[in-house]
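So the structure is just underneath, and the comments pick up after that.
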Amino acid sequence: MTARSTTMNPGSGSATAPRPAAGGAGDAHGPPPGLEALHTRITEWFSDEARDLPWRDPGCTPWGIFVSEIMLQQTPVVRVLPVWRDWLQRWPTPADLAAEPSGAAVRHWGRLGYPRRALRLHAAASAMVAGHDGEVPTTHDELLALPGVGAYTAAAVAAFAFGRRETVVDTNIRRVHARLVDGKALPAPALTAAEMKRAVALMPGDAGLSVRWNAAVMELGAVVCTARAPRCVACPVLDACAWVAAGRPAPDHVPKGQAWAGTDRQVRGAIVAVLRDAEDEVPRSVLLDAPVDLLQGGPSTVALTPGPLAALHGLQAPAEQLERALTGLLADGLAEESEGGVRLPG
DNA sequence: GACTCGTGGCC
DNA sequence: TGGCCAAGAGT
């Protein structure tokens with residue numbers, strides 16, 4: 001298969017890179033020339049280079065795939081792997097998880113981050129038991145109705161667990177499309193309607209191929225067409241990339257960075273970490289008067305440090321913030337008050 | 001739309 | 001060293 005030196009632009013947006021004179025991909029004249037070649041080259045690359053992930057095993061259940069998709073939201077694969085294995089061994093079916101209190105889900109979520117996802121995963125399992133005969137639902141709309149499942153996850157599970165032809169759009173796919181088709185370094189901060197339309201236009205018509213295409217483009221974005229240091233030398237469609245053809249221009253917008261030190265999120269995370277590591281309830285006074293040491297020893301260190309609120313170092317108004325963070329956690333169902341103190345929901 | 005919501009590794 | 005980033009969802 002000889003590489004072709006054309007760039008792709010199936011969308012109708014502005015284009016500066018040379019491309020075949022073709023109508024928009026959504027018109028009645030079929031896909032633009034070269035699209036099938038892209039399908040072939042990227043899916044063949046995927047066949048050769050795909051990482052061996054357990055949720056990609058043909059024997060993986062829809063529940064295993066569902067769990068992986070929730071855990072992978074905003075969380076790197078390497079950190080998900082051990083937690084996913086433990087989770088599936090502990091709770092092999094939705095009913096197994098639904099039979100536990102939600103606090104057990106939060107506890108075994110470990111340090112994956114965004115622990116409300118554990119809560120929603122537990123709620124989704126309960127919904128599967130209550131309304132889907134204990135099975136993961138198979139359609140996009142049914143999946144979308146589950147807690148913690150948005151457009152991406154609904155499409156991904158329908159595609160990867162049930163072989164459906166869905167337009168999957170995640171951050172990796174958006175970045176690949178932005179570069180390969182648009183010639184831009186990065187996609188817009190938020191998913192746009194135009195992007196979604198273009199993703200639809202790029203989809204193979206065949207269901208089986210569409211599933212491989214979705215997985216392959218996602219993988220390409222994850223391991224080759226990465227955000228910071230793309231490994232273009234390993235790219236199967238380097239010669240077709242509009243961004244490379246344009247001389248790899250810099251991003252035209254500045255990412256707005258996420259503050260962390262001193263935020264409520266940091267305090268919430270520290271409190272949940274204490275509750276998770278505690279066998280039982282933690283007295284409220286201990287939680288608030290002997291706050292977790294947030295700044296000593298780096299981000300992974302969370303320990304009770306007996307002492308005044310000044311232990312919070314640079315944090316402003318720590319007492320108020322602790323109260324606010326705890327109130328938020330209680331409101332979110334991530335923590336519960338009991339007579340003896342605060343604990344994970346049981 | 002703009003915000004919020006965890007965590008840890010990396011360039 | 002530290003800002004940036006990771007298979008987003010909900011409000």
Side-chain angles (χ1 to χ4, degrees), chain A residues 50-51 53-56 65-84 106 109-121 123-124 143-161 166-176 185-193 214-223 225-231 251 253-276 292 294-295 297-302 324-325 328-329 331-334:
Chain A
R51 290 168 294 177
L53 303 174
W55 44 86
R56 286 177 176 164
I65 293 171
F66 185 90
V67 172
S68 80
E69 290 298 344
I70 300 296
M71 290 184 173
L72 286 164
Q73 292 168 2
Q74 300 285 282
T75 308
V77 166
V78 289
R79 207 178 314 161
V80 166
L81 277 169
V83 180
W84 182 88
V106 175
W109 193 252
R111 304 190 64 82
L112 281 186
Y114 293 142
R116 53 176 61 183
R117 289 184 293 163
L119 234 40
R120 293 177 180 147
L121 181 51
L143 287 160
L144 192 59
L146 296 171
V149 176
Y152 161 75
T153 303
V157 173
F160 302 141
E166 303 281 342
T167 303
V168 179
V169 179
D170 78 322
T171 187
N172 291 308
I173 292 176
R174 293 186 63 212
R175 188 173 52 252
V176 171
L186 294 174
L191 178 63
T192 66
N214 283 325
V217 177
M218 202 179 311
E219 184 79 350
L220 187 63
V223 306
C225 196
T226 55
R228 268 181 290 186
R231 300 168 46 229
H253 66 90
V254 284
K256 59 171 215 172
Q258 352 176 23
W260 172 247
T263 62
D264 284 4
R265 285 160 89 174
Q266 186 185 28
V267 178
R268 286 171 57 112
I271 292 174
V272 172
V274 169
L275 298 180
R276 187 199 310 125
V292 289
L294 298 174
L295 301 182
S300 65
T301 296
V302 176
R324 183 169 67 246
L329 290 173
D332 290 347
L334 278 164

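None of the values given here were measured: they were computed from a predicted structure. Chain letters run A, B, ... following the sequence lines, proteins first and then strands; every chain starts at 1.
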Length of the CZ-C1' vector between A:Arg265 and B:dT7, whole Å: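 Whole-Å distance recorded here is 10 Å.
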Distance, rounded to the nearest Å, where A:Leu334 contributes CG and B:dC5 contributes P: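 Spelled out: CG on A:Leu334 to P on B:dC5 is 11 Å.
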Residue whose nearest DNA chain B nucleotide is more 5′ - A:Leu191 or A:Arg268: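 Residue closer to the 5' terminus by nearest nucleotide: A:Leu191.
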With A:Arg79 via salt bridge (Lys or Arg N to Asp or Glu O under 4.0 Å) - residues at least two apart: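 Expected list: none.
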With sequence neighbours excluded, residues passing side-chain hydrogen bond (donor to acceptor under 3.5 Å, both in side chains) with A:Arg231: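 Listed in chain order: nothing, the list is empty.
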side-chain hydrogen bond (donor to acceptor under 3.5 Å, both in side chains) involving A:Asn214 - partner list, sequence neighbours excluded: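 None.
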Interatomic distance at P, C:dA7 relative to B:dC5, whole Å: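 These two P atoms come out 23 Å apart once rounded.
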Whole-angstrom distance between B:dG8 and C:dA9, as gauged at atom P: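 Rounded to whole Å, the distance is 23 Å.
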A:Ala188: partners by side-chain contact (heavy atoms from CB on, under 4.5 Å), with sequence neighbours left out: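 Counting only residues at least two positions away or on another chain, A:Ala188 forms a side-chain contact (heavy atoms from CB on, under 4.5 Å) with A:Arg174, A:Thr192.
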Report, one line per pair, each donor and acceptor closer than 3.5 Å where one atom sits in a side chain of residues 146-156 of chain A; sequence neighbours left out.
| from | atom 1 | to | atom 2 | distance (Å) |
| --- | --- | --- | --- | --- |
| A:Tyr152 | OH | A:Glu69 | OE1 | 2.7 |
| A:Thr153 | OG1 | A:Gln73 | NE2 | 3.0 |

Sugar-phosphate only, base, or nothing, as touched by A:Ile70 at under 4.0 Å among non-hydrogen atoms: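 Nothing, no heavy atom under 4.0 Å.
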Check: A:Arg117 side chain, A:Leu112 main-chain N or O, donor-acceptor pair, under 3.5 Å: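 Judged by distance alone, yes, a pair lies under 3.5 Å.
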Summary of protein contacts for nucleotides 4-10 of chain C, nucleotide by nucleotide, where a base hit scores B, a sugar-phosphate-only hit scores S (4.0 Å, heavy atoms): BBBBBSS
